[in-house]
Amino acid sequence: MMRIQKILKAGVAGAMGSLIAASAYAAGGAAEKMTADADVARLPGVVLTQKLADGLPPSIKSSGVLKVATDLTPPISFHGEDGKLIGIDADIAAALGVILGVDVEMTDVGAGAAIVPSILAKRFDLSISGINDDPELEKQVDVIDYMYDATTIMTIKDNPLAIKGMEDLCGKKVAVPVGTFQAKMVEAASAKCATPVNIMSIPKMPDVLQAVRTGRADATVNGYATSVYTTEHQTGNGKGLQALPDIRLAAGYLGMLTAKDNPQLRDSVVAALQQMVDSGAYETIMKKWSLGPLAVKTVKVNDAASMPAD
């Protein structure tokens, strides 16, 4: 815990995550084959590793396809100007495809709350979507912890309501993605308020941000990396947004998800990720998206209990 606090104070804090509820939403887009760009394909460690490919479940080896679910949380995963999925998760997904010798088909499912149900229903083999690990989540699925995370508050630029912490959200309109870890944080904060928070639950993160931009909401509680990225790369109509850099809450892990009855896939992905960590490829990808300080040194599974969120 001390290490993550030190990392967050160093300047680049946690990445976007979502602890998922049980309800599902319709898919947001078609499957997209992830091909490693030249800057990823040439990284050390991003090479076909037959031993790891051989360890994949028979169904994936037979089809030659790894089906991956994601949702849009820049800079973790988002659409570029050409409409293609880009971001840290897109790069990692493409690298995994090279190492494991399979085609990786990544689908934007449209809303974070669809991720866990889609894994449980076997619609997807794996999620790479910046989801906050949590002991409750680990009861449903296996969580591969692949980077650190934290949460902050976003407001209109210059923070006109002078919000300084969760307690200042009392009586305010706060937009949050449906079924997420951050939504649960706001609900818990609201329970302590004399005047409850007016919580606006919205399925898609881009629409959450747009609600704040246009004044429909006063603030949002959001992953730090997404908040910082949005502050630096303003998009959409309305006023500019601003992350509150002194607010860093709920330090923990972000995780990839696999079904509990699919240990072969889980272990193959963990080994491939660790190969990327050991070779330096993983850190290079993290730095490319300005998340270098959030890189893990060891890829772990279901390790949320070691990173208490306070």
Side-chain angles (χ1 to χ4, degrees), residues 3-4 7-8 10-17 32-49 52-53 66 68-82 84-108 126-133 143-150 223-230 232-233 252-258 268-301:
R3 182 174 183 273
I4 184 65
I7 289 171
L8 298 180
V12 180
M16 173 61 198
E32 181 177 334
K33 182 179 177 180
M34 307 309 298
T35 302
D37 294 336
D39 61 343
V40 172
R42 66 171 175 255
L43 291 174
V46 182
V47 294
L48 174 62
T49 305
L52 299 184
L66 179 64
V68 176
T70 193
D71 70 320
L72 303 184
T73 54
I76 308 301
S77 181
F78 62 112
H79 288 136
E81 292 181 358
D82 59 1
K84 293 182 179 180
L85 283 169
I86 61 173
I88 188 169
D89 284 353
D91 284 348
I92 289 177
L96 287 175
V98 174
I99 295 169
L100 297 174
V102 293
D103 290 338
V104 175
E105 293 183 353
M106 204 166 190
T107 302
D108 165 25
L126 174 73
S127 80
I128 310 179
S129 186
I131 292 176
N132 287 97
D133 193 1
V143 186
I144 301 169
D145 298 314
Y146 72 114
M147 72 170 76
Y148 292 115
D149 177 47
Y224 203 102
T226 292
S227 299
V228 170
Y229 182 89
T230 301
E232 296 176 352
H233 302 84
Y253 286 118
L254 295 183
M256 303 178 185
L257 310 183
T258 62
S268 294
V269 171
V270 168
L273 286 169
Q274 191 62 51
Q275 177 171 305
M276 292 172 62
V277 170
D278 295 341
S279 69
Y282 163 82
E283 185 176 13
T284 299
I285 291 172
M286 294 288 285
K287 288 180 176 178
K288 171 184 174 181
W289 297 100
S290 301
L291 298 182
L294 303 180
V296 298
K297 298 299 183 183
T298 303
V299 181
K300 299 182 179 180
V301 176

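Because the structure is predicted, anything quoted here is derived from the model rather than measured.
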Distance in Å, L85 CG paired with H79 NE2, rounded so as to fall on 0.5 Å steps: 4.0 Å
N132 side, atom CG; L254 side, atom CG - distance, nearest 0.5 Å: 5.5 Å
Nearest 0.5 Å please: distance from the CD1 atom of I99 over to the CD atom of Q275. 5.0 Å
Non-hydrogen atoms of A272 and L100 that approach each other most closely: CB-CD2, 4.2 Å
Taking every heavy atom of I86 against every heavy atom of G80, the minimum-distance pair comes out as CD1-CA, 3.6 Å
Donor-acceptor pair, side chain of S127 and main chain of A69, under 3.5 angstrom: no
Measure the CD1-CZ distance between I88 and F78 for me, rounded to the nearest 0.5 Å. 11.0 Å
Are the side chains of V277 and Q274 in touch, meaning some heavy atoms are under 4.5 Å apart? yes
Over all atoms of both residues, closest heavy-atom pair of G255 and V143: CA-CG1, 3.6 Å
Once salt bridge (Lys or Arg N to Asp or Glu O under 4.0 Å) is applied, what residue pairs with a partner in residues 97-107 remain, sequence neighbours excluded? K33-D103
Measuring from L126:CG to I144:CD1, what's the distance to the nearest 0.5 Å? 6.0 Å
Heavy-atom closest contact (S279 atom, P44 atom, distance): OG-O, 2.7 Å
Do S77 side-chain atoms and G87 backbone N/O form a donor-acceptor pair below 3.5 Å? no
Parallel, tilted or perpendicular: which describes the rings of Y148 and Y253, with under 30° parallel and over 60° perpendicular? parallel
Do the non-hydrogen side-chain atoms of L43 and I285 ever get within less than 4.5 Å of each other? yes
Side-chain donor/acceptor of Y146 to backbone N/O of I128, under 3.5 Å: no
Taking side-chain hydrogen bond (donor to acceptor under 3.5 Å, both in side chains) as the cut-off, I'd like each qualifying pair that reaches into residues 35-47, sequence neighbours left out, listed once. D39-K288
Reported CG-to-CG distance for the pair L273 and D278, which is rounded to 0.5 angstrom: 11.0 Å
Give the intermediate values and the outcome of side-chain contact (heavy atoms from CB on, under 4.5 Å) for residues M34 and V68. CA-CA 10 Å; M34 307 309 298; V68 176; over 6 Å; no
Sequence neighbours excluded, which residues qualify as salt bridge (Lys or Arg N to Asp or Glu O under 4.0 Å) partners of D145? none
Nearest heavy atoms of T70 and M106, plus distance in Å: CB-CE, 3.7 Å
